[in-house]
Amino acid sequence: MSTSVLIEKLNQALGWELRAISMYAHYAAYIRGIHRLQLEPHFATEATESMTHSNIVRSAIVKLGGVAVTERNPTSIRHTTSYLEMLAESLITETKAAEVYGELISIIEEEGDADLYDAIEQIYLAEIRSVEELRRLAE
């Protein structure tokens with residue numbers, strides 16, 4: 001695989017992280033009712049985690065000589081005050097991000113960059129944990 005393919009896939013991951021930052025910050029502000037006690041801190045934590053992930057991915061793009069995207073993934077963020085809809089939208093986002101990171105792991109493994117592999121694998125595992133947590137929360 002070429003470096004340009006790797007950078008393109010890293011930029012896809014970055015776009016999803018930028019989208020997640022916006023989505024989770026929005027949902028943390030709009031969650032209401034009894035579910036706010038649990039979900040507002042959850043959404044705020046997820047926004048912070050996405051910021052951390054975006055910084056790691058952005059640094060990898062720069063290290064590879066690429067240009068990092070500054071726009072989030074164009075998938076619209078659904079405005080809602082329903083906690084169930086928020087959780088469903090969050091699950092979609094985390095699932096898609098996990099897919100992109102899974103694809104990245106395969107690409108990086110072919111490239112043989114152990115440090116990048118380890119960093120992306122840690123993000124991938126965090127995304128998988130988020131998917132499972134969201135599934136449990138939405139039940």
Side-chain angles (χ1 to χ4, degrees):
M1 281 276 157
S2 70
T3 302
S4 63
V5 171
L6 176 55
I7 291 169
E8 181 181 329
K9 188 58 74 173
L10 285 165
N11 268 318
Q12 285 180 11
L14 180 56
W16 279 102
E17 294 296 352
L18 295 174
R19 181 183 181 280
I21 294 165
S22 295
M23 180 189 71
Y24 284 126
H26 185 78
Y27 288 167
Y30 279 93
I31 190 72
R32 297 288 182 260
I34 191 70
H35 301 290
R36 180 186 58 78
L37 298 174
Q38 179 182 10
L39 292 179
E40 188 277 331
H42 171 77
F43 291 145
T45 299
E46 289 294 322
T48 300
E49 181 179 273
S50 292
M51 178 67 79
T52 300
H53 292 172
S54 71
N55 288 337
I56 292 167
V57 173
R58 188 179 298 106
S59 293
I61 293 167
V62 171
K63 179 181 173 184
L64 292 167
V67 176
V69 297
T70 57
E71 299 293 323
R72 67 175 181 81
N73 177 281
T75 304
S76 65
I77 296 171
R78 183 175 177 169
H79 172 73
T80 181
T81 56
S82 164
Y83 79 96
L84 289 174
E85 290 176 11
M86 289 178 184
L87 292 173
E89 288 295 312
S90 299
L91 180 58
I92 290 167
T93 299
E94 296 295 338
T95 300
K96 184 57 182 172
E99 289 172 10
V100 172
Y101 284 112
E103 294 166 6
L104 259 172
I105 286 174
S106 297
I107 295 169
I108 296 166
E109 191 169 38
E110 289 178 19
E111 296 290 320
D113 185 333
D115 290 335
L116 181 56
Y117 183 90
D118 289 343
I120 297 301
E121 182 182 46
Q122 291 303 310
I123 295 173
Y124 173 70
L125 294 173
E127 299 295 342
I128 293 297
R129 283 190 297 273
S130 291
V131 167
E132 292 308 313
E133 183 176 14
L134 285 163
R135 284 187 181 143
R136 288 191 312 263
L137 286 170
E139 291 178 342

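Predicted, not measured: the structure shown is a model, and the values here were computed from it.
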CG (L10) and NZ (K63) are apart, to the nearest 0.5 Å, by 11.5 Å
| query | Mind checking whether L18 and L14 have side chains closer than 4.5 Å, heavy atoms only? | reply | yes
task: Consider only side-chain N and O atoms of H53 and E127, and report whether a donor and an acceptor are under 3.5 Å apart.
output: yes
Taken in chain and number order and not counting sequence neighbours, the residues that satisfy side-chain hydrogen bond (donor to acceptor under 3.5 Å, both in side chains) with T52 are none
Sorted by chain and residue number, the ring-ring contact (aromatic ring centres under 6.0 Å, His included) partners of Y124 (sequence neighbours excluded) come out as none
Exercise. Just do the salt bridge (Lys or Arg N to Asp or Glu O under 4.0 Å) check on E133 and R136 with the steps written out, would you?
Key: CA-CA 5 Å; E133 183 176 14; R136 288 191 312 263; 5.5 Å; no
So the salt bridge (charged side-chain N to carboxylate O under 4.0 Å, His left out) pairs with at least one residue in residues 9-35 (sequence neighbours excluded) are K9-E103
Can you list, pair by pair, the side-chain donor-acceptor contacts under 3.5 Å of residues 113-121, counting residues two or more places apart and other chains?
unit_1 : atom_1 : unit_2 : atom_2 : d
D113   : OD1    : D115   : N      : 3.3
D113   : OD1    : L116   : N      : 3.0

Flag the pair Y27 / T80 as yes when at least one side-chain heavy-atom distance between them is below 4.5 Å, and no otherwise.
yes
Is there a side-chain contact (heavy atoms from CB on, under 4.5 Å) between E46 and M23 once you walk through the steps? CA-CA 10 Å; E46 289 294 322; M23 180 189 71; over 6 Å; no
Contacts of Y101 meeting ring-ring contact (aromatic ring centres under 6.0 Å, His included) (sequence neighbours excluded), chain-then-number -> none
Does I107 belong to the same Ile/Leu/Val/Met/Phe/Trp/Tyr cluster as L64, with side-chain heavy atoms less than 4.5 Å apart forming each link? yes
* **H42 side chain reached by L134 side chain, heavy atoms, under 4.5 Å** => yes
ring-ring contact (aromatic ring centres under 6.0 Å, His included) filter on H79, not counting sequence neighbours, yields H26, Y30
Q | Heavy-atom side-chain contact between W16 and R72 under 4.5 Å | A | no
Heavy-atom distance under 4.5 Å between the side chains of L39 and L137, does that happen here? yes
